[in-house]
Amino acid sequence: MSSARPRIRRSAPAVRRTRLALTGPAALLAAALTACSGGSSGSAEAGGDGKAADTSVSVNLTGRAAAPGEPVKVTLARGKLKAVSVKAGEGGALAGRISADGRTWTSDRVAAPGTAYTVEATDADGGRDRATFTTAEAEKVNKLLLAPGKNTTVGIAQPLSVVFDHPVKDKAAVEKALKVSTSNDTEGSWGWLQDYSGKDRVDWRPKEYWKPGTKVTLDAQLNGVDTGADGGWFVRDYTTTFTVGAAQVVKVDLDGHRLALHRDGKQVLDIPMSAGTPGGEKASWRGTAVLMSKEGTINMRSETVGLGDAYDKMVDYSMRLTWSGMYAHAAPWNAGVFGQANRSSGCVGMSDADAASLYGQVRVGDPFEMTGAEAKGTVAEGNGYGAWNLSWPDWQAKSALK
């Protein structure tokens, strides 16, 4: 990355009291290694015998407005490095590795914005010293929203989902920083899409539904990642963990007007229902939706989903399936058509007793597999969690690292 980024606020470099040498066109910071000297903070003083060692190191980032987003590189003029430590302010250290020839150490991760670093190096002959630099503050910071929440138990269709506050142009850089680990080496892939809100989003879904009991961890090592123009920098890491619960699938037969809950391959509920009125915007979606939330009793108004003033009701046992407003819920006003016809405004309605039974047994992340001709289309991948409506190759193609 270039050090001349318009989105990084720079201050004039402060005068340092260390004995430094600048080398090369990049004006690298050179700190003389001392023989067996403890070294003073921020200085490059000679050893206890008053003589400087023959070797010196250069650090690629210098001053108090160094450009973030690059690995820290420490290079030894001659001899071999024994150890290098790069500590970030009051936080942790940057891990790294020494090259095969022993001359260069490179950090595994990049330097983050607005962070003070202390570099300490030791060579094979016992020479050592320290140097410091501070990276420029980020003028714009990107943040994110993670789902599912930490330490939750979810259904077998729940994806990892990351929604970003600002646009992500360097999707590959962000995706490289998102590390997914599972307790059973589940195969999966990231896929980029546009959230229903219009924001950039990336989801990780398995090739097939999760196996019950799988433990999943996302380690988003984003601190110091530049998301590109208009997006800003990440200035922290994120993590979430969750466990997959029982294998539950809700099968919704739109044409047959019935809903069935299957657990571990066995049917445990069979419910007559009425879905969306076919032939227009009131029709239901087909395809696989994922239970996003159990919202209990909520006010549903037709204006919020573009259906004029058709209804304004308090609705019990509400289970959200899409951002566009498709729910499964109690609909006692439609009791006369349960199991016979689709007459709702798009949702899957059932009796109070049946809705209560379903509500008590389903879990966020359970798939609702909706089939039938009486639908207005297939759930889009960004309208809730619709990634399951894409084939595995088509989903893999949405990765920025394909």
Legend entry - Steps toward side-chain contact (heavy atoms from CB on, under 4.5 Å) verdict (M326, V348): CA-CA 8 Å; M326 185 176 178; V348 176; 4.0 Å; yes

Validation: residues 153-161 side-chain donor-acceptor distances under 3.5 Å, sequence neighbours left out:
unit_1, atom_1, unit_2, atom_2, d
S161, OG, R201, NE, 3.2
S161, OG, D203, OD1, 2.6

Legend entry - Residue pairs fulfilling ring pair (Phe, Tyr, Trp, His ring centres under 6.0 Å) with at least one residue in residues 58-79, sequence neighbours excluded: none

Inset, instruction - Could you verify whether a donor N or O on one side chain and an acceptor N or O on the other, from N151 and T241, lie under 3.5 Å apart? - result: yes

Legend entry - Of all pairs that satisfy ring pair (Phe, Tyr, Trp, His ring centres under 6.0 Å), the ones with a partner from residues 349-390, not counting sequence neighbours: Y209-W388, Y317-Y359

Inset, instruction - Kindly give the heavy-atom pair with the smallest separation between G224 and P113, and that separation in Å. - result: CA-CD, 3.8 Å

Legend entry - Aromatic ring pairing W204/W190, orientation class (parallel under 30°, perpendicular over 60°, tilted between): perpendicular

Inset, instruction - Check the surroundings of atom NZ in K266: do more than 12 heavy atoms from other residues, nucleotides or ligands lie under 6.0 Å from it? - result: no

Inset, instruction - Flag this pair as yes if the NZ/CZ of K140 is under 6.0 angstrom from the six-membered ring centre of W233 and inside a 45 degree cone about the axis; otherwise no. - result: no

Inset, instruction - May I have the step-by-step check of side-chain contact (heavy atoms from CB on, under 4.5 Å) for V162 and Y238, ending in yes or no? - result: CA-CA 11 Å; V162 185; Y238 298 81; over 6 Å; no

Inset, instruction - Could you verify whether a donor N or O on one side chain and an acceptor N or O on the other, from N142 and T227, lie under 3.5 Å apart? - result: yes

Legend entry - For E295, salt bridge (Lys or Arg N to Asp or Glu O under 4.0 Å) partners two or more places apart: R320

Inset, instruction - Could you name each residue pair satisfying salt bridge (charged side-chain N to carboxylate O under 4.0 Å, His left out) that touches residues 378-394, not counting sequence neighbours? - result: E381-K398

Inset, instruction - List for me each residue that meets side chain to side chain donor-acceptor pair (under 3.5 Å) alongside T152, sequence neighbours excluded, and say none if there are none. - result: none

Legend entry - Sequence neighbours excluded, every pair satisfying ring pair (Phe, Tyr, Trp, His ring centres under 6.0 Å) that has a member inside residues 166-188: none

Inset, instruction - Just grab all the salt bridge (charged side-chain N to carboxylate O under 4.0 Å, His left out) pairs involving residues 94-112, residues at least two apart or on different chains. - result: R97-D108, R109-D237

Legend entry - Results of salt bridge (Lys or Arg N to Asp or Glu O under 4.0 Å) for E369 - residues two or more places apart only: K251

Legend entry - ring pair (Phe, Tyr, Trp, His ring centres under 6.0 Å) between W285 and W323, intermediate numbers included: CA-CA 12 Å; W285 296 106; W323 284 126; over 10 Å; no

Legend entry - Of all pairs that satisfy ring pair (Phe, Tyr, Trp, His ring centres under 6.0 Å), the ones with a partner from residues 101-122, not counting sequence neighbours: Y117-F133

Legend entry - Closest non-hydrogen atom pair between C347 and G325, with its separation: SG-O, 3.6 Å

Inset, instruction - Please list all pairs passing the salt bridge (charged side-chain N to carboxylate O under 4.0 Å, His left out) test where one or both residues lie in residues 326-348, with sequence neighbours left out. - result: none

Legend entry - Heavy-atom pair with the smallest gap, counting every atom of A283 and P278: CB-CA, 4.0 Å

Legend entry - Pairwise salt bridge (charged side-chain N to carboxylate O under 4.0 Å, His left out) hits with a residue in residues 210-222, at least two apart: none

